[in-house]
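Below, chains carry the letters A, B, ... as their sequence lines are ordered, and counting in each starts from 1. Side-chain atoms are counted along with the backbone in the values below, which use heavy atoms only and exclude waters and symmetry mates.
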Amino acid sequence: MRLQILGWESNGLRCADSKIDLELGGVKKLNLIQMPNGTGKTTTLSLIQAAMTGDANTWASKKIQSYKSRNKDNGQGKFTLHLKIDDNRLSFDLIIDFEQNEVIYRTSSSKIGGAVEGWKPPSEYRRFLVKSFVGLFIFDGELSKKLLDENETQAEKAIDALCQLYLLDEVINKLDAHWDRAVDKTEAKTTIGLNIWQNKLSKLKNQKDFLNTKKTESEESVLTLITQIQELSDSIDERLAKEGGKLGELEEAKIKATNAENQVEKDADSLMRDLRQPHLVDALFSESLKTLKDSMVELQIPRETSKQFFVEVAKSPSCICGEPMNEKRKALILERSEKYLGSDITGELNALKTDIENHTANIGSTKDFVDSSASVLQKSIDASLIANTEIATLKTALTAGMDESIKKDKEDLDQLKEGKKDLEELLEMLNEDDDGIDNVESFSIASIKRQLKKAKDKVSEISDNVTLSKQIDLVKNILSRATVNSRNKITTQIVDECNGLLDEIMKLNPVKIRNINKSLQLEGQDGASTGQTLAVGYCFLSTLLNRGENKFPFVVDSPANPLDDLVRAEIATMIPSLCDQMIAFVIPPERPNFVPPLVLASDNDVRYITTFRINKGSQNLIDSLPDDEKLVIKTDDGVLVYGEEYFNHFMKEKE
Amino acid sequence: MSIDHEVENAINEIVLELNQDKKLSRKVLAWLNDLSEKDISSSDDIEHLKGVLRSTYTEETNK
């Protein structure tokens with residue numbers, strides 16, 4: 001499938017009125033749209049996304065109002081997006097009613113018989129016009145950061161969305177629904193018994209869905225809270241420190257506390273390692289182990305009890321009971337010898353004896369050994385407590401004279417921390433092991449799963465649906481395993497492909513992906529520079545988007561803004577090879593060192609567009625407009641100019 | 001857009017490993033591909049589902 005953006009029109013909205021035509025003279029590989037800051041880049045991008053996904057139907061009134069033009073007092077605004085999917089044209093109108101606080105969609109396509117009310121793309125395209133999917137190619141710089149953030153699951157979600165792994169889950173759900181219907185239709189021999197179990201099963205299913213939803217929500221909320229707490233906490237600390245002129249002191253105390261906490265963790269690990277060796281914990285263990293070994297030696301264990309012993313007995317002329325050895329007795333001894341210790345266990349017992357010998361031989365005062373590790377840990381804990389007390393003291397001193405806004409933020413921070421603690425407690429309950437007790441209201445997901453299986457087996461047994469249940473379980477098993485296996489393989493392939501691309505384009509600033517485990521993990525480094533983050537993000541997404549012969553456009557907001565000059569050129573050279581239509585919203589300062597290599601890498605298949613808002617400060621921009629009227633489109637509040645020359649000279653004096 | 005070839009490979013391998021007939025993987029993949037390429041009706045879904053279940057081999061189905 002190939003999706004292209006042919007253009008869009010905007011009227012009466014927060015961004016200036018404009019009509020962008022990306023089809024004029026043929027669709028170009030690279031489309032550069034230059035807009036000064038504050039002229040509605042972000043608004044345009046989110047409108048493109050909303051038109052494409054139908055997402056504006058869920059907007060709250062506050063969000064709807066945020067799209068209202070600041071300069072006009074109009075009751076309605078309209079945004080139209082024109083797309084081409086394979087050979088079919090598709091347009092979405094998004095009409096925003098600021099008085100009624102509602103959004104109305106209209107869809108036009110020959111595939112649906114013209115224009116219809118509502119967001120109604122042809123059914124075969126719907127799967128690709130969802131937020132999770134579109135959000136990958138309408139690229140927001142934040143996405144790159146999220147792909148690399150270990151607290152986010154964006155990378156795995158992207159793989160699931162692009163490779164359609166969610167379809168396997170969909171089939172599993174359809175199988176479950178079929179089983180429910182089959183059981184409902186059953187005329188049971190024991191209707192009462194079936195009803196009881198069906199009710200129980202239904203309750204358990206609801207409880208499972210409820211708990212799973214709670215788990216997902218809580219996990220997401222905890223991640224959000226961690227970020228919010230960190231940001232608010234940093235902001236408070238910074239303001240406090242600035243007020244008291246103690247920013248450096250506080251930072252130093254924090255570093256000290258982090259180091260002390262790391263040391264506690266290290267020493268605790270070391271003590272745990274010692275505790276896992278019983279002979280080091282107490283002399284009693286050591287002595288008991290020695291006694292065990294001595295007893296084994298004395299009793300000739302394992303030799304005497306090993307299979308070999310019986311083999312030797314069978315070879316003897318007489319049995320150990322004194323009776324002569326005959327063929328029948330010999331066969332019986334050899335047969336029964338199988339029941340006793342085999343060579344593998346004999347080996348283990350011999351190794352155990354050797355280990356006891358080696359480990360207990362040179363132990364002096366074992367207690368001292370563990371005591372010394374425990375005392376090291378105690379010292380680290382004390383140091384950590386002192387470091388944290390130092391931070392608290394510093395903060396208290398700073399808080400004494402703090403202003404009201406900081407006090408308010410501190411209260412908010414406490415509330416956030418409290419909320420996080422509650423959610424963590426809930427997650428702990430949800431993740432608890434199965435206690436084996438039947439309780440449909442249990443909060444342990446493991447317990448509910450076990451009860452669910454039991455109830456399902458019971459229902460299938462009573463309703464004579466055992467065969468169907470087994471067939472469905474078999475197919476579900478195949479699908480679940482296929483999801484895991486294919487995700488692993490796809491992940492490995494994507495990592496390899498991305499690393500190949502990164503090798504080529506990041507020669508001066510090398511970076512490699514080690515693995516994708518929910519997020520992208522880099523080889524040999526925890527963090528990444530802005531250039532590396534963007535490069536990894538672009539490579540990952542383009543590899544994914546191009547997987548399986550699909551072509552999606554790449555729409556990027558300020559692609560070079562956060563990059564230094566050297567990395568700008570590297571990234572610019574790379575991006576065009578990753579997609580077949582790129583739409584880049586750029587600001588004038590991004591041009592140097594970025595646009596020339598980008599144009600070159602696009603084989604000069606480029607469209608240049610410059611657009612700005614008409615206001616008091618734009619007269620000089622209007623004065624320098626090209627003479628060719630075909631290149632200039634003026635609206636009530638904006639100007640749009642096609643062409644390379646104006647693009648390259650736009651606001652040059654300001655740079 | 002048809003289902004990713006790695007999903008296809010994984011289903012084929014697991015079906016083989018579970019000593020099921022190749023017909024089962026064909027039926028499962030046909031269902032997934034239909035879901036991927038079009039908006040299928042509930043009666044199409046039921047047809048696919050029945051085809052998949054008929055292609056399974058369990059002790060009970062072969063008594």
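With rounding to the nearest 0.5 angstrom, the CG atom of B/Leu32 is 9.5 Å from the CD atom of A/Glu170. In this structure, the separation between CG on B/Leu24 and CD1 on A/Ile478 is 4.5 Å, given to the nearest 0.5 Å. For the atom pair CG (B/Asn33) and CD (A/Gln164), the distance works out to 8.5 Å, reported to the nearest 0.5 Å. Note that the CG atom of B/Asn9 and the OG atom of A/Ser486 stand 9.5 Å from one another [nearest 0.5 Å]. For the atom pair CD1 (A/Ile494) and CD (B/Glu6), the distance works out to 10.0 Å, reported to the nearest 0.5 Å. In this structure, B/Ile3 CD1 and A/Leu167 CG are separated by 4.5 Å, a value rounded to the nearest 0.5 Å.
Between A/Lys489 and B/Asp4 there is no side-chain heavy-atom pair separated by less than 4.5 Å. At a threshold of 4.5 Å between non-hydrogen side-chain atoms, the residues A/Val475 and B/Gln20 do not count as touching. Annotation: side chain of B/Val28 is not in contact with side chain of A/Val171 (no heavy-atom distance under 4.5 Å).
Between chain A and the options B/Leu49, B/Val52, B/Ile11, the largest number of non-hydrogen pairs under 4.5 Å is found for B/Leu49. Interface summary for chain A: among B/Asp45, B/Val7, B/Ile14, the most heavy-atom pairs under 4.5 angstrom belong to B/Ile14.
Salt-bridge annotation for A/Arg481 and B/Glu13: absent, with no side-chain N of the basic residue lying under 4.0 Å from a carboxylate O of the acidic one.
Within a 6.0 Å radius of NZ in A/Lys476, more than 12 heavy atoms belonging to other residues, nucleotides or ligands are found. Within 6.0 Å of NZ on A/Lys456 lie more than 12 heavy atoms contributed by other residues, nucleotides or ligands. At most 12 non-hydrogen atoms from other residues, nucleotides or ligands lie less than 6.0 angstrom from NZ of A/Lys131. Heavy-atom neighbours of A/Lys157 NZ from other residues, nucleotides or ligands within 6.0 Å: above the threshold of 12.
At a 4.5 Å heavy-atom cutoff, the contact between A/Leu175 and chain B is made by backbone and side-chain atoms alike. At a 4.5 Å heavy-atom cutoff, the contact between B/His5 and chain A is made by side-chain atoms alone. Contact annotation for A/Leu165: only side-chain heavy atoms (C-beta onward) come within less than 4.5 Å of a heavy atom of chain B. Contact annotation for B/Ile40: neither backbone nor side-chain heavy atoms come within less than 4.5 Å of a heavy atom of chain A. For A/Ile472, the parts lying under 4.5 angstrom from a heavy atom of chain B are both the backbone and the side chain.
Of the possible donor and acceptor atoms, one in the side chain of A/Gln471 sits under 3.5 Å from a partner among the backbone N and O of B/Leu53.
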